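Residue numbers begin at 1 in each chain, while the letters A, B, ... track the order of the sequences. Everything numeric in this text was worked out from a predicted model, so none of it was measured.
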Amino acid sequence: MSDTTIPETSRKDWMSDQEVRWCPGCGDYSILAAVQLALPDMGVRREEVVFVSGIGCAARFPYYMNTYGMHSIHGRAPAIATGLAMARPDLHVFVVSGDGDALSIGGNHLIHALRRNVNLTILLFNNQIYGLTKGQYSPTSETGKVTKSTPFGSIEKPFNPVSVALGAEASFVARTHDMDRNHMMDTIKRAHDHQGASIVEIYQNCNVFNDGAFGQITAKSARDEMLIDLRHGEPILFGADRQRGVVLDGGGVRLAEVADVGMDAVLVHDETRPDPSIAFMLSRIATGPHEPTPVGVFRAVGRDEYGSRVNQQLAAAQEQRGPGNLHDLLRSGATWEVE
Amino acid sequence: MSDTSTQPTGERTESIDRVIIRFAGDSGDGMQLTGDRFTSASAMFGNDLATLPDFPAEIRAPAGTIAGVSAFQVHISDHDITTPGDAPDVLVAMNPAALRSDLHRLKGNGSVILNIDAFTERNLDKAGYSSDPREDGSLDAYKVYEVPMTEMTKKAVEHLGVKPRDAERSKNFFALGLVSWMYTRPAEHTLEWIQQKFGKDQQVADANVAAFKAGHAFGETAELFDHAYSVKPAEKVPGTYTNITGNVALAWGLIAASQLADMPLFLGSYPITPASDILHELSKHKNFGVRTLQAEDEIAGVGSAIGAAYGGHLAITTTSGPGVALKGEAIGLAVSLELPLVVVDIQRGGPSTGLPTKTEASDLLMAMYGRHGESPMPIVAASTPAGCFDAAIEACRIALKYRTPVFLLSDGYLANGAEPWKLPDVESLPDISTTFATEANGTNDAGNPVHHPYERDPETLARSWALPGTPGLEHRIGGLEKADKTGNVSYDPGNHELMTHLRQAKLDGIAKDIPEAVLEGDADADLVVIGWGSTWGAISGGVDRVRAAGHSIARIHLTHLHPFPPNLGDLLSGFDRALVPELNLGQLSKVLRAEFLIDAKTVSKVRGLPFTAVEIEAAILDSLGVAQNGAAK
């Protein structure tokens, strides 16, 4: 490209001409706005951005972005995006997925994209319900959840998406929620800037089938006491007066009053710890979105990005053997001449 | 028993025109390696040949059992041959299980070479023999050569300080040396190869060389063998030849296609027998810019390929039947996205896990119809191991030109079978490059120029393809039904009907762009034999025999199965009856009957093995109402 400066854009430039068709009041609207507002600050060209999705309400996302995009099939977006990112390291590939798409039917692809550290920004809209199919429990629905397919209450234990991602040793794991646009924008920008696979769990309200699932922690009035904002290099504090904190305790972490334990005992957040164990413990502090819950970046570590390693092997092979020559390839085994 | 009264005359060599040798032993005995080396030596010598590796699914079934028998059949000839042969002339049996499982294949009066050291009571018992076949008369109809291979191998390598257990491992090279002497194969290539292959452990290399030479010398000096045989080089079209298996030819065809299309090659694949060798082969050639992903599962294999195709790579996924079943939904997505993709199915026996290492060609209807909705896909099927090269290029050509996923069918027999291949001149290969959209081809409601991804080429009906990274052509595609031209989501009934017909019309139109079917044999015959895929060799052999016996018969072999060649209906209408040999229960004949309303009769074989020419000959004669001995029935 001759013009090396990235053109200035505004939200409008990232909006497609398609009418947005989520239910009125859906949390997806605010996530869409946050993404469209964050993109102008990401230093990327529209034509270099691709949104890949699977199936579900969230998966309609690409249609509303004025970028390249693919609305694919249920659960497979991380696999499709892996191929695209391997083939085209010049692109900025986003995956938009939901809790059913990413953690149920597509669970295998998600953990392997994270394991390989493919250069993807994965946005996991977690509303703890199947919305598009009209209200069945999902792999993140709480035990006891009464839905159309669990009339007597779910007897399954839910996945914690951040724990799953950390278990797969993802190099970037974060959580945000649909009620705080700025927090979403900051988190998504950081996820995009990360080299390798980044995953952001976004608590998202489904006002039709699971309304208020996160209300106890994301309502403005509740946030101070219920959201634990993780900030790299700072003690992990929360509460209106930052009077509570997270402390390491007997091989685990727990919540404590700073007055009881002293500021020195409060755990200082370090996203860059090579070992994901403490990040994993932090992801387990809340048993569900009704207890103080960490948000922000749990882990951000540097690790070789998959696509660039693929390219290095290609470059090394070409350096060693020269660019492939078909004529020679066909004669690379034993040959003989017939006169 | 063998005739031991004749003179041991190593100098005496009898010339024969062809021979079929079957090496059979335990999975751990190295029979595939032995057969492969004998094949290579024969290829280098200039014989025409065809091979049939025949091994168990288990890497190591219990040693000495029938389930653990691994065999390799090779047919070498001084003239053009098309199959690995019918009944072997020679069976090399390394243990009783090998003898028991494979003796019935041997020609009457054929030769059996036994490793008698393996004929212990315990091994006889494991093979299910209640008495020793060498003593109970069951081998009377054959020439039997009893050779203490294990002991002689041990002695041959003794001076190298090899432990007896390790020494025994070289006995396949003793067998190879012996058979190489019997059929006057030049030894140099094999000796060179042993050094290359085992050079890392010089003692092993030396032991194998010593065993090979001992086997050779034994043949020359032992009184068992009265003379050796020579099979002269076949007369072949001048050129440079190599010996190639179907899977390697297919992998090279994909690399060639990538060069001819000037697009990087991407393979997304999950290991599965008998397709994995394509993944292995392509993984080696990174200097051609080939990217291979060993995906987490079959679905990710095809999914990653779809992603790479969207990014402008020549995208491939390789698998076998069970994998195709898993990929079905994603292949349907590729049909809807109208992106180029080649799905390679190396067929094997089914259903379910079926017969992983045994051949069958029973995925035709799955390739044709195995997706939900109206989801038409072109199908190309390779006919010979070397032909996999051209078939791969053809599948890629259709995929790119028509923006469609294409099925490329091969099978376990072609995949592992080998034949001499006259190497093509690279310059003569077709240009299969395609073009990408660079400028807007429509306007949106606001009147701004935009890319309409489902604008079609009026000739091919291929859609306009814009690659991510192209400024101004940003667009979205997906699995939901798309509005004609704009590609926006559409639930409009009329639009869905239109798009369904457009996708079908695009496929039908490919018929104009593929070679016409060729009728071989007698155009005025009543009966035509129609085949597809790997049955080519057996059918041509069978038809040739029938015609040589004075009967009138025609044949057609199909490479393009969907759509069919445009003249196929006309050709078929000239015959009263059609015979369709297939390694399934009649899948092509079902389609031919439906498509052309002809009286197609199936000749079926589902034994995990290819047809032999004799079987085809018998089926044709039966259909003609003639007994195989030529008498009218």
Side-chain angles (χ1 to χ4, degrees), chain A residues 1 16-18 45-53 55 62-63 65-88 90-91 108-109 111-112 310 313-314 316-318 320-324 326-327 329-339, chain B residues 40 43-44 46 189 236-244 252 255-256 259 264 266 268 285-289 291 293 295-297 299-300 303-308 310-313 315 329-330 333 337 422-424 426 444-446 468-480 488-489:
Chain A
M1 228 141 286
S16 79
D17 58 357
Q18 297 296 294
R45 297 168 190 278
R46 269 189 330 161
E47 66 268 21
E48 292 169 352
V49 175
V50 185
F51 279 84
V52 181
S53 66
I55 293 292
Y63 290 122
M65 298 299 301
N66 191 10
T67 63
Y68 285 89
M70 186 194 293
H71 177 214
S72 76
I73 47 174
H74 209 7
R76 318 303 170 201
I80 291 168
T82 293
L84 179 60
M86 267 180 81
R88 294 288 304 276
D90 56 313
L91 300 175
N108 198 29
H109 308 306
I111 58 174
H112 287 281
V310 169
Q313 284 197 339
L314 259 57
Q318 292 192 342
Q320 236 174 43
R321 290 185 274 165
L326 189 58
H327 180 272
L329 172 68
L330 301 188
R331 284 152 184 81
S332 58
T335 60
W336 67 94
E337 298 293 330
V338 173
E339 307 284 319
Chain B
S40 290
M44 297 292 291
H189 291 303
K236 288 197 151 295
V237 181
T240 306
Y241 284 75
T242 195
N243 192 39
I244 193 120
W252 290 2
I255 291 175
Q259 301 235 314
F266 182 96
H285 300 295
K286 297 197 191 305
N287 61 325
F288 281 85
R291 286 172 175 78
L293 174 69
E296 58 270 23
D297 58 28
I299 300 172
S304 60
I306 289 172
Y310 185 63
H313 281 218
E329 187 196 13
L333 174 67
L337 297 179
K422 181 180 174 297
L423 294 172
V426 170
N444 63 7
D445 293 344
T470 315
L473 303 194
E474 296 83 3
H475 66 277
R476 278 65 55 192
I477 55 176
L480 282 171
N488 291 328
V489 175

Fill in the blank from the handout: For A:Val50 and B:Pro468, the nearest pair of non-hydrogen atoms, with its separation, is CG2-CB, 3.9 Å
Handout entry: From CA spacing to verdict: side chain to side chain contact (heavy atoms under 4.5 Å, CB included), B:Thr242, A:Leu330
Key = CA-CA 8 Å; B:Thr242 195; A:Leu330 301 188; over 6 Å; no
Practice task
Between chain A and each of B:Thr240, B:Val426, B:Ile244, B:Val237, count heavy-atom pairs under 4.5 Å; write down the option with the most.
Solution key: B:Thr240
Problem - Residue selection (most heavy-atom pairs with chain B, distance under 4.5 Å) from A:Gln313, A:Arg321, A:Met65, A:His327 - result: A:Arg321
Completion exercise
Here the pair of heavy atoms bringing A:Gln318 nearest to B:Gly289 is NE2-N, 3.8 Å
Exercise for the section: With a 4.5 Å cut-off on heavy-atom pairs, point out which of A:Ala79, A:Ala77, A:Ser53 contacts chain B the most. Expected result: A:Ala79
Fill in the blank from the handout: Residues B:Gln259 and A:Gly324: closest non-hydrogen pair is NE2-O, 3.8 Å
Exercise for the section: Report yes if some heavy atom in the side chain of A:Glu339 is under 4.5 Å from a heavy atom in the side chain of B:Pro238; otherwise report no. Expected result: no
Exercise for the section: Check whether any side-chain heavy atom of B:Trp252 sits under 4.5 Å from a side-chain heavy atom of A:Leu326, and report yes or no. Expected result: no
Completion exercise
Cut-off 4.5 Å, heavy atoms of chain B, and the answer for A:Ala81 is neither
Handout entry: Per-residue contact mode, A:Leu91 against chain B (heavy atom under 4.5 angstrom)
Key = side chain
Practice task
Evaluate the side-chain proximity of A:His109 to B:Ile299: yes if any heavy-atom separation is below 4.5 Å, no if none is.
Solution key: yes
Exercise for the section: Just jot down the salt bridge (charged side-chain N to carboxylate O under 4.0 Å, His left out) partners of A:Arg88, sequence neighbours excluded, or say none. Expected result: A:Asp90
Exercise for the section: Take A:Arg331 and B:Leu423 through the test side chain to side chain contact (heavy atoms under 4.5 Å, CB included) and record every step on the way to the result. Expected result: CA-CA 8 Å; A:Arg331 284 152 184 81; B:Leu423 294 172; 3.5 Å; yes
Handout entry: Student check: side-chain heavy atoms of B:Ile306 and A:Met70 closer than 4.5 Å
Key = yes
Exercise for the section: Pick whichever of B:His285, B:Lys286, B:Glu296 has the most heavy-atom pairs under 4.5 Å with chain A. Expected result: B:Glu296
Problem - Any A:Thr335 side-chain heavy atom under 4.5 Å of B:Tyr241 side chain - result: no
Exercise for the section: For the pair A:Ile80 and B:Tyr310, evaluate side chain to side chain contact (heavy atoms under 4.5 Å, CB included) and give the outcome as yes or no after the intermediate values. Expected result: CA-CA 9 Å; A:Ile80 291 168; B:Tyr310 185 63; over 6 Å; no
Handout entry: Top of A:Ala87, A:Ala334, A:Ala316 for chain B proximity - count of heavy-atom pairs under 4.5 angstrom
Key = A:Ala87
Problem - Contact origin within A:Arg76 toward chain B - heavy atom pairs under 4.5 Å - result: side chain
Problem - Pairwise side-chain contact, B:Ile477 with A:His71, heavy-atom cut-off 4.5 Å (strictly under) - result: no
Completion exercise
Taking every heavy atom of B:Arg476 against every heavy atom of A:Pro62, the minimum-distance pair comes out as CG-O, 3.1 Å
Problem - Criterion side chain to side chain contact (heavy atoms under 4.5 Å, CB included) on A:Asp17 and B:Asp445, from CA distance to verdict - result: CA-CA 8 Å; A:Asp17 58 357; B:Asp445 293 344; 5.7 Å; no
Handout entry: Side-chain donor-acceptor pair present, A:Thr67, B:Glu474, cut-off under 3.5 Å
Key = no
Fill in the blank from the handout: Residues passing the salt bridge (charged side-chain N to carboxylate O under 4.0 Å, His left out) test with B:Glu329, sequence neighbours excluded, are none
Problem - Residue, of B:Gly239, B:Gly268, B:Ala256, that accumulates the most heavy atom pairs under 4.5 Å with chain A - result: B:Gly239
Problem - Nearest atoms (heavy-atom pairs only) where A:Ser72 meets B:Leu333 - result: CB-CD2, 3.7 Å
Exercise for the section: Answer yes or no: is there a side-chain heavy-atom contact under 4.5 Å between A:Gln18 and B:Asn444? Expected result: no
Handout entry: Which of B:Pro264, B:Ala315, B:Ala43, B:Pro424 touches chain A most, by non-hydrogen pairs under 4.5 Å
Key = B:Ala43
Exercise for the section: Mind ranking A:Asn66, A:Val310, A:Ile111, A:Thr82 by heavy-atom pairs under 4.5 Å with chain B and telling me who comes out on top? Expected result: A:Asn66
Exercise for the section: Classify the ring geometry between B:His475 and A:Tyr68 as parallel (under 30°), tilted (30 to 60°) or perpendicular (over 60°). Expected result: perpendicular
Exercise for the section: Check whether any side-chain heavy atom of A:Glu47 lies under 4.5 Å from a side-chain heavy atom of B:Leu473, and answer yes or no. Expected result: no
Practice task
Using distance alone, with no hydrogens and no angle criterion, decide if B:Asn287 and A:Gln320 have a side-chain donor and acceptor under 3.5 Å apart.
Solution key: no
Completion exercise
Okay, A:Glu337 and chain B: the region with an atom under 4.5 Å from a heavy atom over there is both
